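Contents: one structure, followed by commentary.
So you know, we letter chains A, B, ... as the sequences are listed, proteins then strands, and number each from 1. Keep in mind it's a predicted model, so treat the numbers as computed, not measured.
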Protein chains: 2
Amino acid sequence: MLHCLRKYAQNGVMTSSPSLPVDGFGKTLLDYPRPSVAVDTALLTVHDGGLKVLLVPHPGAGLGWALPGTFVRPGERLADAVLRSLREKAGVSGRDPQQLHVFDEPGRDERGWVLSVAHVDVVPFGELPAGVKLISVTEFAGARVAQVRELPYDHAQIIDYAVAQVRSQYLSAPDPGGLLTPPFTLKELRELHEAVRGESLQRDTFRRAMEPQLVATGEISDGTKGRPAALFMPY
Amino acid sequence: MLHCLRKYAQNGVMTSSPSLPVDGFGKTLLDYPRPSVAVDTALLTVHDGGLKVLLVPHPGAGLGWALPGTFVRPGERLADAVLRSLREKAGVSGRDPQQLHVFDEPGRDERGWVLSVAHVDVVPFGELPAGVKLISVTEFAGARVAQVRELPYDHAQIIDYAVAQVRSQYLSAPDPGGLLTPPFTLKELRELHEAVRGESLQRDTFRRAMEPQLVATGEISDGTKGRPAALFMPY
DNA sequence: TTAATAGTGTCTGTGAGACATTATGGT
DNA sequence: ACCATAATGTCTCACAGACACTATTAA
């Protein structure tokens, strides 16, 4: 049995202390069973006037789609595991993964005891590889995803959390996810926010809320039609 | 090595499926190293006009204090682990643990690879056992706790998260944590909110915000001094 | 000149904040 | 009668929302 423990220690569980330090009860950490810990990420983008979420082929079942995810490796930050899973499974460079919630329901994964730390990240459509699977989240009440039936695990719930989180961030700040490449016009910014929030916004009210948080570049958009607009960048 | 894996399976890791199911890469879950997962809880209460957090003796070092916490057991929900740790380490029946954040910094625990899922819960002072260690969080800027030096791990940061979370909940709803036993007067409710939020509140503004969310019992407090107040209970 | 869009002025309703006034109990 | 506290009326200010008007470009 001790040999077994040492096997695991060599496997990367014990990183800093080779002497098997004990807790307050004189037990080694390895005397306690440990869960598998995964990260799953709802990667959101805006395309075609709507908020979309990226799916990847579900590795377990041959058919079906799932959120990109991976098991966390020893010594790895959760956010780094997220970035790695996005890179390897979706070919995307994520930017700033944010934790949403730990899903811990027993039996949520039939393979065993698996906790999933749900994350959300946001990336411009242009940075996605061609042909990725995107499904819309805006055309369903309560952000529930019905277009793909039976997402595995808690993935539908993760998408709900993610959409709520991103929408609340886009309430008062100009493009906090950095979906727009500056400089941009206020119209472009407003249409982005309308896509994220799934509702139309008042033109002048939106301007008054956002302009104090922007800085004008002094340049002007090409007025192909109508009066050209001033260009801004984030403050 | 296979023997070693089966040992772990018997130890509770594999709950539902005895046939060692595999993932998309043909590997067993147990082929991946797994972290220890703990829960740590900032249990907040209001006493003596201020917001306090409960500490317990730090089991590792003989002296020093820490937030109550425990390792999560197989098949156990995180919230149940929180309730168990509060019961066993603090003698308190928690009510509704809420997740705050997963702390995952490598090296945060010198015993090895340990993730901590931080939680917050709220309990009335009267339900605490006599003589528990409480420290104030109100008298420090930014809710940082300086009264007890060098809390272990990320516990000071957990308290910051917890205080911010509870304060935001007490912004617009009457006693969402259930610290008051109904019926209560608006003055009692306001003084509770003042204690939680660490600032004084306008009497009439507070009434206008809270009264629509309360229902009057029709009863009247005993006016030991001045006009008696109406009694309310949550809607 | 007209169409189209950008940018700004202004009116109104709502609600927070602050203060003043009235109501109701005990002493 | 007086005091202490509860409850409510009201004034002001700030701001979101809505609408209208002016400005600037291309065709």
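- At dT5(D), one or more side-chain N or O atoms of Lys225(B) fall inside 4.0 Å of OP1 or OP2 (strictly under the cut-off).
- If you check dG17(D), dG17(C), dG7(C) against the side chain of Thr205(B), the one that comes closest is dG17(C).
- Between dG26(C) and Arg227(B), no contact under 4.0 Å exists linking OP1 or OP2 to a side-chain N or O.
- Taking 4.0 Å as the cut-off between side-chain N and carboxylate O, Asp154(B) and Arg108(B) count as a salt-bridged pair.
- Contact detail for Lys133(A) and Ile135(A): the closest heavy-atom pair is CE-CG2, 4.1 Å.
- Contact between the side-chain N/O atoms of Gln202(A) and the OP1/OP2 oxygens of dA18(D) is found at a separation under 4.0 Å.
- Distance, Phe206(A) CZ to dG7(C) P: 13 Å, rounded to whole Å.
- For Arg208(A) and Phe232(A), each mapped to the nucleotide of DNA chain C holding its nearest heavy atom, the one lying further toward the 5' end belongs to Phe232(A).
- Val123(B) places a side-chain heavy atom less than 4.5 Å from the side chain of Leu128(B).
- For Leu201(A) and dA16(D), the CG to C1' distance is 13 Å, given to the nearest whole Å.
- Taking only side-chain nitrogens and oxygens, Arg207(A) comes nearer than 4.0 Å to OP1 or OP2 of dT8(C).
- Using modelled atom types, one finds a donor on one side chain and an acceptor on the other under 3.5 Å when comparing Gln169(B) with Gln98(B).
- A straight line from CG of Leu231(A) to P of dA6(C) spans 12 Å, rounded to a whole angstrom.
- The distance between atom CD of Glu199(B) and atom P of dA16(C), rounded to the nearest whole Å, is 15 Å.
- Nearest nucleotide to the side chain of Glu211(B), out of dA16(C), dA16(D), dT8(D): dT8(D).
- To the nearest angstrom, P of dA7(D) lies 11 Å from CZ of Arg190(B).
- One can place NZ of Lys187(A) at 6 Å from P of dT5(C), the figure rounded to the nearest angstrom.
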